[in-house]
Amino acid sequence: MKALTSLDHRVEVAVGYSVDLLWAHHDRGLLDGPLTHLAEAHRALSNAERDVTFYRVLLQRLASGELQVDQHLFARIDRTVTQLKDAVAIRDTRQAEALAGLESLEAAAPVRITAEGKDLLAHEFAALLAISQGARLHQHLQTGRMSVVTASGVRVAYPLYQRLEEAHLVARDTSHPLHAGQPISLTDAGRTTLTGTSRPPAATPTSAPRVGSWPATSGRSR
């Protein structure tokens, strides 16, 4: 079971989607070096936080008055306090490691332009890949909140979608109302970024040679 941490919100803001999706992308090998480090450090922090919670709850139970007060209880309380102190020390170490990876990611440029297209961070590339399978931009009628849902059920954070749209990698069909969902598609630049190739140019039709005429010769023929 995943335990909540004090860094969850910052992690989600930095990567542009939920912690659960970050872990899922890590398990599927979709992350680059910095994001892999962050996912592993955050998971270790979550595990350490879970241990702190376990020993804290155990200590509360031992001191709740439910158990008979005797020397055996005192020994259990002392042992649990020591275990809780050790768990907190480990948690603090794991948090420092996760924070270092998070701050490094926060300082990274979100999108860089290259001659071939857009050089994206791994979580942006994963979002672009999910959108390529089909997606819609929705606006909640009551809250006004914007959300992007892909055909595979993946939710892309709206700020992340905005970065892709501002980089001209995706475009939406504004002829549809937002509350009904505006279809999102990849632009030529988005396809180039995703596949490394753009759409091939349309073939230029050639006229058939006239009967009795000589075939065209290449430029090298003399």
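Every heavy atom of this structure was used, including side-chain atoms; hydrogens, water molecules and symmetry mates were not. Worth saying up front: this structure is predicted, and the values here are computed from it rather than measured.
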Any [X] side-chain heavy atom under 4.5 Å of [Y] side chain:
X	Y	value
Thr93	Glu97	yes
Gln139	His179	no
Val52	Leu84	yes
Arg91	Asp51	no
Gln83	Asp86	no
Arg136	Val149	no
Asp8	His42	yes

Are there over 12 heavy-atom neighbours, none belonging to [X], within less than 6.0 Å of that residue's [atom1]?
X	atom1	value
His176	NE2	yes
Lys2	NZ	yes
Arg155	CZ	no

Could you state the interatomic distance from [atom1] ([X]) to [atom2] ([Y]), rounded to the nearest 0.5 Å?
X	Y	atom1	atom2	value
Arg191	Leu128	CZ	CG	10.5 Å
Thr53	Leu58	OG1	CG	12.5 Å
Gln95	Thr5	CD	OG1	7.0 Å
Met146	Leu178	CE	CG	4.5 Å
Leu137	Ser147	CG	OG	7.0 Å
His168	Thr193	NE2	OG1	12.0 Å

How far apart are the C-alpha atoms of His26 and Leu22, what are their side-chain angles, what is the distance that settles it, and do they pass the side chain to side chain contact (heavy atoms under 4.5 Å, CB included) test?
-> CA-CA 6 Å; His26 174 265; Leu22 174 67; 5.9 Å; no
Residue pairs, two or more places apart or on separate chains, that pass side-chain hydrogen bond (donor to acceptor under 3.5 Å, both in side chains) and touch residues 54-72 |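 Matches after skipping sequence neighbours: none remain.
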Worked verdict on Glu49 versus Leu4 for side chain to side chain contact (heavy atoms under 4.5 Å, CB included) = CA-CA 7 Å; Glu49 197 71 64; Leu4 300 179; over 6 Å; no
Would you say [Y] ends up clustered with [X] if hydrophobic residues are merged whenever their side chains have heavy atoms under 4.5 Å apart, either directly or through other cluster members?
X	Y	value
Val15	Leu99	yes
Leu45	Leu105	yes
Leu129	Ile184	yes
Leu59	Leu67	yes
Val69	Ile77	yes

Any donor-acceptor N/O pair, [X] side chain to [Y] backbone, under 3.5 Å:
X	Y	value
Ser46	Ala3	yes
Thr187	Leu169	yes
Ser104	Gly101	no

For Asp20 and Ser18, test the side chains for any donor-to-acceptor distance below 3.5 angstrom and give the result as yes or no.
->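 No, because no side-chain N or O of Asp20 sits under 3.5 Å from a partner of the opposite role on Ser18.
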Please report the closest heavy-atom contact between [X] and [Y], naming both atoms and the distance.
X	Y	value
Leu160	Ala127	CD2-CB, 3.5 Å
Ala98	Leu38	O-CD1, 3.9 Å
Val156	Tyr161	CG1-N, 4.2 Å

Should Arg163 and Glu166 count as an ion pair when the cut-off is N to O under 4.0 Å?
->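 Glu166 and Arg163: not salt-bridged.
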